Every structure is written in C-alpha cells, then in structure tokens.
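In what follows, a structure is listed as structure tokens, so that the remarks can point back to it.
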There are 2 protein chains.
Amino acid sequence: MDEKARARYEARARIIKAMAHPTRLLFVDELAKGERCVCELNEMVHADVSTISKHLAVLKNAGIVQDEKRGSRVFYSLVAPCVLNFFSCVEGVLEAQAKERAELVS
Amino acid sequence: MDEKARARYEARARIIKAMAHPTRLLFVDELAKGERCVCELNEMVHADVSTISKHLAVLKNAGIVQDEKRGSRVFYSLVAPCVLNFFSCVEGVLEAQAKERAELVS
DNA sequence: TGGTTATTTGGCAAAATAGCCAAGCGATTA
DNA sequence: TAATCGCTTGGCTATTTTGCCAAATAACCA
C-alpha cells in the first residue's frame with residue numbers, strides 16, 4: 001500500500017472514530033431531529049458540560065455537525081446526515097450477534 | 001436517558017469502534033473483494049503479523065468478519081457487507097471538508 | 001457595573017488502544 | 001521425529017481517549 005492510500009484510510013478512520021462513542025452517537029441521533037443547544041444535549045446525559053462540549057468538538061472537527069452561536073447559546077446541527085445510515089447497519093450486526101448467541105444456548 | 005438506551009448506544013459504539021482504524025478499514029475494503037488469508041492481508045501492511053491478527057480479532061469480535069481455518073491457513077471473510085456503505089458517507093464528508101478548506105484559502 | 005447563564009479551554013489522572021516481541025500451538029514438510 | 005509455516009496469545013510500553021475540575025470568555029440581566 002502506498003503512502004497516498006494509507007493517508008486516505010487514515011482520513012476515513014478519523015471520521016469514523018468521531019462516531020465511535022456512545023454519547024456522540026446519541027447526540028447524532030438527537031440532532032437528526034433538528035438543531036439543539038448544548039444545554040439541551042447536556043440534559044440528556046449524566047456528564048459534565050465540559051465533557052459534552054468536548055464530544056461536540058470532536059463531531060464538529062470531523063465535519064459531522066456544525067455549530068452556530070445565537071445569543072448566549074450555541075446550537076449544533078447535523079451537516080452529514082448520511083452518518084445516520086450507520087445505525088441500520090450496526091443494528092443488523094447486533095441482531096445477528098444476538099441470534100448467534102441464542103443458538104449457542106439452545 | 002435510561003439504562004437500556006445507554007446500553008444500546010454502547011453496543012452500537014462497540015461495532016463502529018471496530019471500524020475506526022485505518023488498517024481495519026483497509027482489511028474490510030479488501031475482504032469486500034473476497035476471502036483472504038492472514039498472510040495475504042499481512043502483505044498489504046507494514047506491521048507485525050501479531051498486530052494484523054489482533055486487528056482481525058477486533059473485527060471478528062464485532063461481528064463484521066468471520067474466520068475459517070483450512071489447512072494451515074485462516075481465511076477471513078466479510079459477514080456484514082453493509083459496513084461498506086460507511087465509505088461513501090465518509091468520502092462525502094471528506095470532500096466537503098476539502099472544499100471548505102479550499103474556500104478558506106481563496 | 002456586578003452577577004448570572006451558557007459554553008469552551010487547559011490541565012490532569014484514569015482507562016482504553018496500538019504495536020512490538022517472545023512464546024505457544026496446530027498443520028505441513030523434510 | 002524434527003524443523004518449518006501460519007497464526008494467535010501474553011505481556012509490555014507508548015500513545016490516545018475520556019472525563020472531571022477549575023478557570024476563562026461571552027452574552028444577558030439586575
């Protein structure tokens with residue numbers, strides 16, 4: 001594999017890595033319904049606001065969400081809705097795993 | 001968020017995390033073309049065989065690939081081809097980012 | 001102006017991940 | 001049987017990620 005190809009896979013991995021956290025997946029799921037301010041997202045999770053803010057920064061850096069300050073609040077919204085497609089795939093994999101585990105028992 | 005929802009997002013994140021590495025993305029891409037033995041995958045990457053083996057174990061544990069021993073070799077194949085859909089999405093995000101960076105310069 | 005609210009940043013410690021080497025193990029060949 | 005091949009596992013260190021706290025900033029209200 002040449003250097004260029006390696007860089008491409010690294011760039012791809014960077015984006016996917018941004019999705020690889022339960023809290024961030026929850027946020028993406030929520031933002032699919034519309035924009036939300038940090039305070040709203042904060043209410044959904046048991047974590048420090050600074051932690052929330054850093055998770056959102058990760059998503060923003062990856063180009064998955066964008067932010068817009070209005071008044072004293074910052075609103076985040078989804079700019080790459082295609083990441084929602086990840087869910088159906090992942091759900092399918094989880095179901096297959098559950099099925100397999102069930103068969104092992106029987 | 002209740003305990004059950006949290007567990008669901010954690011399970012999802014586990015699968016996505018398995019995809020969040022350049023080498024593993026390369027392997028998935030390669031396995032999309034057909035099964036490959038560890039030795040073939042090893043040739044594609046500058047890394048110790050043990051490292052390769054561990055990456056494959058991560059993908060297998062996540063339910064993305066499966067393995068089958070035939071003779072002295074172990075062949076891996078893709079069992080969740082839907083993960084290939086990740087690529088087109090990620091590619092789109094990368095393009096959008098490149099475009100934005102280009103606009104910042106101009 | 002001073003205080004409060006909303007959010008980000010810096011810094012740190014704990015946890016998870018990555019990758020190398022050495023060792024182990026089953027299958028194959030000599 | 002001994003040596004080799006293909007692969008996995010254990011163990012270790014280096015790096016990255018996570019999440020908390022404290023501090024900084026910006027907008028708003030009194």
Side-chain angles (χ1 to χ4, degrees), chain A residues 1 3 6-7 9-28 30-31 34-77, chain B residues 1 3 6-7 9-28 30-31 34-77:
Chain A
M1 186 173 44
E3 192 59 31
R6 214 174 52 81
Y9 281 107
E10 267 171 24
R12 290 169 170 176
R14 234 179 299 127
I15 314 259
I16 296 179
K17 209 181 293 188
M19 292 286 292
H21 191 286
T23 301
R24 297 198 290 266
L25 284 181
L26 171 69
F27 288 171
V28 164
E30 180 68 14
L31 294 177
E35 63 169 23
R36 297 282 187 274
C37 67
V38 177
C39 51
E40 285 171 311
L41 296 172
N42 188 23
E43 283 173 7
M44 303 182 69
V45 172
H46 297 305
D48 198 274
V49 201
S50 69
T51 300
I52 307 297
S53 182
K54 278 175 184 173
H55 278 309
L56 289 167
V58 169
L59 287 171
K60 183 183 164 187
N61 259 302
I64 295 168
V65 305
Q66 69 184 173
D67 62 342
E68 187 192 339
K69 182 156 191 170
R70 288 206 302 275
S72 65
R73 294 186 182 180
V74 176
F75 290 87
Y76 280 84
S77 56
Chain B
M1 187 173 45
E3 192 58 30
R6 213 173 53 79
Y9 281 107
E10 267 171 23
R12 289 169 171 177
R14 232 179 302 128
I15 314 259
I16 296 179
K17 208 180 293 186
M19 292 285 293
H21 190 285
T23 301
R24 296 199 291 265
L25 284 181
L26 170 70
F27 288 170
V28 164
E30 181 67 14
L31 293 177
E35 64 170 23
R36 297 284 186 274
C37 66
V38 178
C39 51
E40 285 171 312
L41 296 172
N42 188 22
E43 281 173 10
M44 304 182 70
V45 172
H46 296 306
D48 198 272
V49 200
S50 69
T51 301
I52 307 297
S53 182
K54 279 175 184 174
H55 279 310
L56 289 168
V58 169
L59 287 171
K60 182 184 164 186
N61 259 301
I64 296 168
V65 305
Q66 67 185 173
D67 61 342
E68 187 192 338
K69 182 154 191 169
R70 289 207 300 276
S72 66
R73 295 186 182 180
V74 177
F75 291 88
Y76 281 83
S77 56

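A, B, ... follow the sequence lines: proteins, then strands. Residue 1 opens every chain. Since we're looking at a predicted model, the values are computed, not measured.
Regarding B/M19, its CE atom lies at a distance of 14 Å from the P atom of C/dA18, rounded to whole Å. We find that NZ of A/K60 is positioned 13 Å from C1' of C/dT9, with the value rounded to whole Å. Counting to the nearest Å, the P atom of C/dT9 and the CD1 atom of A/I52 are 15 Å from each other. Residue A/L56 contributes atom CG, which lies 7 Å from atom P of C/dT8 at whole-angstrom precision. Rounded to an integer number of Å, the gap from B/R14 CZ to C/dT17 C1' is 16 Å. Rounded to whole Å, the distance from CZ on B/F75 to P on C/dA27 is 15 Å. The distance from atom CG of A/L41 to atom C1' of C/dT8 is 15 Å, rounded to the nearest whole Å. In this structure, A/R73 atom CZ and C/dT4 atom P are separated by 19 Å, rounded to whole Å.
Taking the centre and axis of the six-membered ring of A/Y9, the NZ or CZ atom of A/R12 falls inside the cone set by 45° and 6.0 Å.
Pairs passing the salt bridge (charged side-chain N to carboxylate O under 4.0 Å, His left out) check and including a residue from residues 38-49 of chain A, sequence neighbours excluded, do not occur.
Residue B/V49 is in base contact, counting any heavy-atom pair closer than 4.0 Å across all strands shown.
Applying the side-chain hydrogen bond (donor to acceptor under 3.5 Å, both in side chains) criterion to A/E30, with sequence neighbours excluded, gives A/K33, A/R36. Taking A/R73 as the reference, nothing meets the side-chain hydrogen bond (donor to acceptor under 3.5 Å, both in side chains) condition, with sequence neighbours excluded. With sequence neighbours left out, the side chain to side chain contact (heavy atoms under 4.5 Å, CB included) criterion links A/A7 to no other residue. Evaluation of the side-chain hydrogen bond (donor to acceptor under 3.5 Å, both in side chains) rule for A/D67 yields A/K60 as partners, not counting sequence neighbours. Applying the side-chain hydrogen bond (donor to acceptor under 3.5 Å, both in side chains) criterion to A/K54, with sequence neighbours excluded, gives no partner residue. Partners of B/S72 by side chain to side chain contact (heavy atoms under 4.5 Å, CB included), not counting sequence neighbours: none found. The side chain to side chain contact (heavy atoms under 4.5 Å, CB included) check on B/A57 picks up nothing, with sequence neighbours excluded.
From the 5' end on, the contacts that DNA chain D makes with chain B at under 4.0 Å to a non-hydrogen atom open and close at D/dG6 to D/dG11.
Contact annotation: B/H55 side-chain N/O to C/dG19 OP1/OP2 distance is under 4.0 Å. For A/Y76 and C/dT8, the shortest distance from a side-chain N or O to OP1 or OP2 is below 4.0 Å.
With respect to A/E10 and A/R6, a salt bridge is recorded, a charged nitrogen being found less than 4.0 Å from a carboxylate O.
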Nucleotide N/O of nucleotides 20-26 of chain C paired with protein N/O under 3.5 Å:
unit_1: C/dC20; atom_1: OP2; unit_2: B/D48; atom_2: N; d: 3.1
unit_1: C/dC20; atom_1: OP2; unit_2: B/T51; atom_2: OG1; d: 3.2
unit_1: C/dC20; atom_1: N4; unit_2: B/K54; atom_2: NZ; d: 3.1
unit_1: C/dC21; atom_1: N4; unit_2: B/S50; atom_2: OG; d: 2.7

Pair up each side-chain donor or acceptor in residues 18-26 of chain A with any protein partner under 3.5 Å, not counting sequence neighbours, and list the distances.
unit_1: A/H21; atom_1: ND1; unit_2: A/T23; atom_2: N; d: 3.1
unit_1: A/R24; atom_1: NE; unit_2: A/A18; atom_2: O; d: 2.7
unit_1: A/R24; atom_1: NH1; unit_2: A/H55; atom_2: ND1; d: 3.0
unit_1: A/R24; atom_1: NH2; unit_2: A/K17; atom_2: O; d: 3.3

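Sorted by residue number, the list of members of residues 20-28 of chain A with any non-hydrogen atom under 4.0 Å from DNA chain C is empty.
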